[in-house]
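In what follows, a structure is listed as structure tokens, so that the remarks can point back to it.
All values reported here derive from a predicted model rather than from experimental measurement.
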2 protein chains.
Amino acid sequence: MQANADIDTSATLTERQKAVLDAALRLLVEEGDNLTMTAVARRASCSKETLYKWFGDRDGLLTATVQWQASKVRVVPVDGEKLDLASLTASLEGFASDWLKVISSDTSIALNRVAVGHAGSGKDDLGAIVLENGRFALARRLKPVLEAGKQAGFLDFTDAETAFRTFFGLVARDVQIRLLLGDRLESTEAAIGGDAARATQQFLALYGAKTGPQGL
Amino acid sequence: MQANADIDTSATLTERQKAVLDAALRLLVEEGDNLTMTAVARRASCSKETLYKWFGDRDGLLTATVQWQASKVRVVPVDGEKLDLASLTASLEGFASDWLKVISSDTSIALNRVAVGHAGSGKDDLGAIVLENGRFALARRLKPVLEAGKQAGFLDFTDAETAFRTFFGLVARDVQIRLLLGDRLESTEAAIGGDAARATQQFLALYGAKTGPQGL
DNA sequence: CCAAGGGCGTACCGTACGTTACGGTTCGGC
DNA sequence: GCCGAACCGTAACGTACGGTACGCCCTTGG
């Protein structure tokens, strides 16, 4: 289907439909891409006819499921009012920690797996949806923080996109690809916190302004 | 998963079999995971019966194809005899550039896609094979260089694995996941070179020894 | 020259699954 | 109480594809 991919969804969804999509999501996490319409219907205690009436076909159900999950992680925009270095550091660490938790979660792994698989034979735009609500959403939320840090004199960069991508790399490293490829990689709360702190310190070492906020 | 994944294959392969696997590989790049045995047979101008006799079943063909591709990128180990900073930098840049070229290549993307897809429903160990010949092989090749740099006094780190993962993150950033998810992301030769240089400089900024080789 | 075997092409089988159709049940409105 | 709509459960259909069987060709060796 041609995939409008963003608008409209998650509104105009009845509670029952949300429940069905939740069931599909759970099944997706358990079974991967080889979930059948019958299994979804059985799990959701609904009829296949209803599935087809609501979502068109299998791809429609999949994209609806992915969008439904995406709509659930709408986050509050960070208000950048406090400008001291400690709060900037804490904010960056928070982003890093949240991101590591997200990409380590079962549902994220499952969703990324199916999206990657579908990106190969481009029938739908699952990849675009996941990308839009994952990596690009993160960039949209983080960049204002980076800009605020720059304005406050704590950060020094010319291109926010480049700075963001560096931060992204320092945080994620090889975690996501290893998890997607099936590597066990225990991610304890403490380890994630440590990695987030390390990534933040490294980022500050690279992009921290030489002169403090009172400089220049 | 322990995944022997390396031994035995690529030996005991007749030229004809290699040609068949090349055909399968090409088809995998074009079609993704939804390639059929019939299509492979047609492309390779062989019979399905031959495919089954040689490779057992579809999964066998797939793993043989992945291993065949992996066996083709056996690289020469770097001899770390020259110890000046320029050669270390050049070596790191070379690794970064090579790695970016690899993960941007069509065949790598296709192989990772199918491996990620199969990692979901763990029938075979495609994920382990790809991981073993990709990210872990890179680590094995790079770590001696890092250790040599440390011995020579140019680098300062306690854990080579951690240092490697940082370098990995600085080089790859969001490139691989974006490509896997279908994001267009033109990778010109020049851009890759620039990114490799930037990642190397950032890595040296983080892990370069404060004191030079003559220090302490 | 002939027999054997490896391999090509193709027809065929079984099954899994997407998709559709249909009878039975619940529920809101009159 | 009755009607229609929405929905559940399930049976049925069509197809795609993994896997197998068989006939033919071509080469090799005696």
**OP:** With the side chain counted from C-beta on, respond yes when B:Leu88 and B:Val145 share a heavy-atom pair under 4.5 Å apart, and no when they do not.
**Re:**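 Yes, side chains in contact.
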Subject >> Pairs touching residues 115-150 of chain A that satisfy ring pair (Phe, Tyr, Trp, His ring centres under 6.0 Å), sequence neighbours left out >> reply: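 Every pair satisfying ring pair (Phe, Tyr, Trp, His ring centres under 6.0 Å) with a residue in residues 115-150 of chain A: there are none.
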Original post:
What are the 5'-most and 3'-most nucleotides of DNA chain C lying under 4.0 Å from any heavy atom of chain A?
Top reply: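 Answer, 5' to 3': C:dC17 to C:dC22.
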Rounding to an integer number of Å, can you tell me how far [X] [atom1] sits from [N] [atom2]?
X       : N      : atom1 : atom2 : result
B:Leu61 : D:dG19 : CG    : P     : 10 Å
B:Met37 : D:dA21 : CE    : P     : 15 Å
B:Asp33 : D:dC17 : CG    : P     : 12 Å

Original post:
Between D:dC7 and A:Trp54, is there an OP1 or OP2 to side-chain N/O distance shorter than 4.0 Å?
Top reply: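 So the side chain of A:Trp54 is within the cut-off, an N or O lying under 4.0 Å from OP1 or OP2 of D:dC7.
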Distance (rounded to the nearest 0.5 Å) between [X] [atom1] and [Y] [atom2]:
X        : Y        : atom1 : atom2 : answer
B:Trp99  : B:Ile192 : CH2   : CD1   : 12.5 Å
B:Arg135 : A:Asp183 : CZ    : CG    : 8.5 Å
A:Leu28  : A:Thr107 : CG    : OG1   : 9.5 Å
B:Leu27  : B:Leu21  : CG    : CG    : 12.5 Å

**OP:** Look at atom CG of B:Asp106 and say whether more than 12 heavy atoms of other residues, nucleotides or ligands are closer to it than 6.0 Å.
**Re:**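 Result for CG/B:Asp106: open.
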Subject >> Closest non-hydrogen atom pair, A:Val40 against A:Ala24 >> reply: CG1-CB, 4.1 Å
Original post:
Which parts of residues 42-53 of chain B get close to DNA chain C, meaning a heavy atom less than 4.0 angstrom away?
Top reply: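 Those residues whose heavy atoms fall under 4.0 Å from DNA chain C, taken from residues 42-53 of chain B in numerical order, are B:Ser45, B:Cys46, B:Ser47, B:Glu49, B:Thr50.
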